[in-house]
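Before any comments, here is the structure.
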Amino acid sequence: MQLPDMNLLVALDALLDEGSVVGAARRMNLSPAAMSRTLTRIREAVGDPILVRAGRGLVPTPKALQLQGQVRNVVEQAALLFRSADQVDLSTLRRRFSVRANDFFIGVYGGRLFDTMERMAPLCELCFVPEGDTDDEALREGRLDLRVSNTMPASPEVKVQNLFSTTFVGLAREDHPLFDEEITAARFASYSHISISRRGIARGPIDTALNAQGLERRVALIAPGFHGAMFMLPDSDLLLPVPKEALLSANRLKLPLRAFALPISLPTLVLAQSWHPRFDKDPAHRWLRETMRESCHATWLEAQPA
DNA sequence: ATATTACCGGGCTACCACAC
DNA sequence: GTGTGGTAGCCCGGTAATAT
């Protein structure tokens with residue numbers, strides 16, 4: 001069987017990623033003219049224009065967008081074949097690591113993670129992507145390097161490693177009437193709450209715990225993320241349960257908020273990172289996972305009460 | 001500014017002739 | 001039969017010019 005020139009795949013990956021002939025040429029140490037001719041060969045091989053002129057630049061065709069994930073996957077797998085199983089030169093490593101996490105994790109843990117990555121692998125990019133419904137598929141296709149979540153992946157082949165566990169505390173404006181007397185479950189339930197949910201779900205473990213005591217709370221506001229919700233507290237009587245590490249963000253932002261221990265018992269939340277086994281032996285990915293684990297641990301320690 | 005094309009040169013390979 | 005050297009053709013990259 002006559003195989004096509006596999007170098008075209010590497011060039012196609014660069015072209016689709018950069019979206020320009022000049023950018024892809026720079027990345028592959030070629031002249032723009034040489035890359036333009038490579039694009040011509042790719043067009044002939046694929047039978048599609050791949051990138052078409054739009055003013056000064058180029059835009060991808062639907063076929064190109066459809067191929068992008070597959071091409072990246074194949075190129076990464078091919079690169080792995082030639083890479084030592086244990087070594088990676090972080091100083092020259094050019095790679096974008098996509099991590100899916102919620103805004104609590106990004107806001108509290110993302111900064112230290114990025115700082116460590118920036119110092120060790122200055123040419124790498126960290127790309128946080130919002131949580132989605134097709135995590136396992138994204139991991140499998142290589143669109144996602146890591147997923148950080150408290151829910152287990154649906155696919156049994158996906159690898160999981162615990163990062164840290166956390167518990168919830170309550171947040172309210174510092175002069176909230178809640179602080180005038182002892183914070184009982186009944187008083188906690190008597191104020192309106194913010195519930196954090198991307199899918200608009202108002203009920204959760206807090207409601208279960210209150211119901212067990214014959215109490216019920218009113219969720220007056222549903223927000224997609226903790227950080228945005230925190231900014232609503234100073235102007236309202238709302239209460240916001242947050243993972244206790246989120247207090248780091250509240251303190252840094254110098255928000256006029258006060259934390260309180262929840263008067264109910266909630267299960268401990270365990271956050272874990274998960275990845276597809278295809279990346280298990282990849283030294284760069286292994287470094288990412290290790291860096292994630294260590295930077296999370298350092299942030300977690302900082303957030304613990306003295 | 002960026003993409004494409006024309007033209008040129010270097011490297012590689014297939015093919016052939018020749019010597020051993 | 002095998003190894004070596006010469007040649008032609010192809011592929012690909014560079015520069016420069018042109019088109020968008």
Side-chain angles (χ1 to χ4, degrees), chain A residues 1-100 106 110-111 114-115 117-130 132 134 137-146 278-279 281-285 287-288:
Chain A
M1 184 179 81
Q2 179 75 35
L3 285 172
D5 181 357
M6 294 303 175
N7 285 319
L8 294 182
L9 279 176
V10 182
L12 178 56
D13 181 46
L15 281 162
L16 293 177
D17 204 34
E18 296 284 341
S20 92
V21 169
V22 168
R26 202 177 298 128
R27 187 191 286 195
M28 294 189 69
N29 294 317
L30 291 175
S31 67
M35 185 50 70
S36 178
R37 275 195 299 276
T38 302
L39 176 56
T40 303
R41 293 196 292 279
I42 291 170
R43 285 168 172 156
E44 287 166 0
V46 178
D48 184 89
I50 299 296
L51 293 166
V52 293
R53 285 293 279 259
R56 284 176 175 175
L58 297 169
V59 291
T61 64
K63 174 78 171 178
L65 294 173
Q66 178 202 335
L67 287 175
Q68 188 163 22
Q70 275 178 280
V71 171
R72 165 56 55 90
N73 186 8
V74 170
V75 169
E76 279 175 358
Q77 291 296 304
L80 264 181
L81 280 174
F82 294 99
R83 208 180 295 155
S84 159
D86 303 317
Q87 293 175 349
V88 57
D89 184 357
L90 295 174
S91 65
T92 59
L93 180 68
R94 282 179 188 275
R95 186 153 159 183
R96 173 181 285 186
F97 292 110
S98 294
V99 177
R100 182 163 283 168
I106 295 170
F114 171 75
D115 180 57
M117 287 184 67
E118 182 76 347
R119 280 186 285 106
M120 295 177 74
L123 301 180
C124 286
E125 290 174 13
L126 178 61
C127 177
F128 281 118
V129 291
T134 56
E137 196 182 318
L139 287 170
R140 195 180 303 128
E141 290 175 1
R143 285 184 281 118
L144 206 57
D145 288 289
L146 281 179
R278 59 191 297 203
F279 290 124
K281 295 272 191 289
D282 176 7
H285 199 278
W287 167 77
L288 171 69

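In what follows, every chain begins at residue 1, and chains take the letters A, B, ... in the order their sequences are listed.
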Please tell me which of the listed nucleotides, dT15(C), dT2(B), dG13(C), lies nearest to the side chain of Ala33(A)? dT15(C)
Ranking dT4(B), dG13(C), dT2(B) by distance to the side chain of Ser36(A), first place goes to dT4(B)
Tell me the interatomic distance from [X], atom [atom1], to [N], atom [atom2], rounded to whole angstroms.
X: Ile50(A); N: dA3(B); atom1: CD1; atom2: C1'; answer: 16 Å
X: Arg43(A); N: dT5(B); atom1: CZ; atom2: C1'; answer: 13 Å
X: Leu15(A); N: dT4(B); atom1: CG; atom2: C1'; answer: 14 Å
X: Ile42(A); N: dA3(B); atom1: CD1; atom2: P; answer: 13 Å
X: Leu51(A); N: dA3(B); atom1: CG; atom2: P; answer: 9 Å
X: Leu30(A); N: dT15(C); atom1: CG; atom2: C1'; answer: 14 Å

Does Arg41(A) place a side-chain N or O at less than 4.0 Å from the phosphate oxygens OP1/OP2 of dC10(C)? no
Side-chain N or O of Thr38(A) less than 4.0 angstrom from OP1 or OP2 on dG13(C)? yes
Looking only at side chains, do Arg41(A) and Thr38(A) share a donor and an acceptor under 3.5 Å apart? yes
Could you tell me if Thr61(A) and Asp48(A) have a donor-acceptor pair between their side chains, going purely by distance under 3.5 Å? yes
Between Arg72(A) and Asp17(A), does any NZ, NE, NH1 or NH2 come within less than 4.0 Å of an OD or OE carboxylate oxygen? yes
Parallel under 30°, tilted from 30 to 60°, perpendicular over 60°: which one fits the rings of Phe97(A) and His285(A)? perpendicular
Reckon Arg37(A) touches a base, only the sugar-phosphate, or nothing at all at heavy-atom distances under 4.0 Å? base
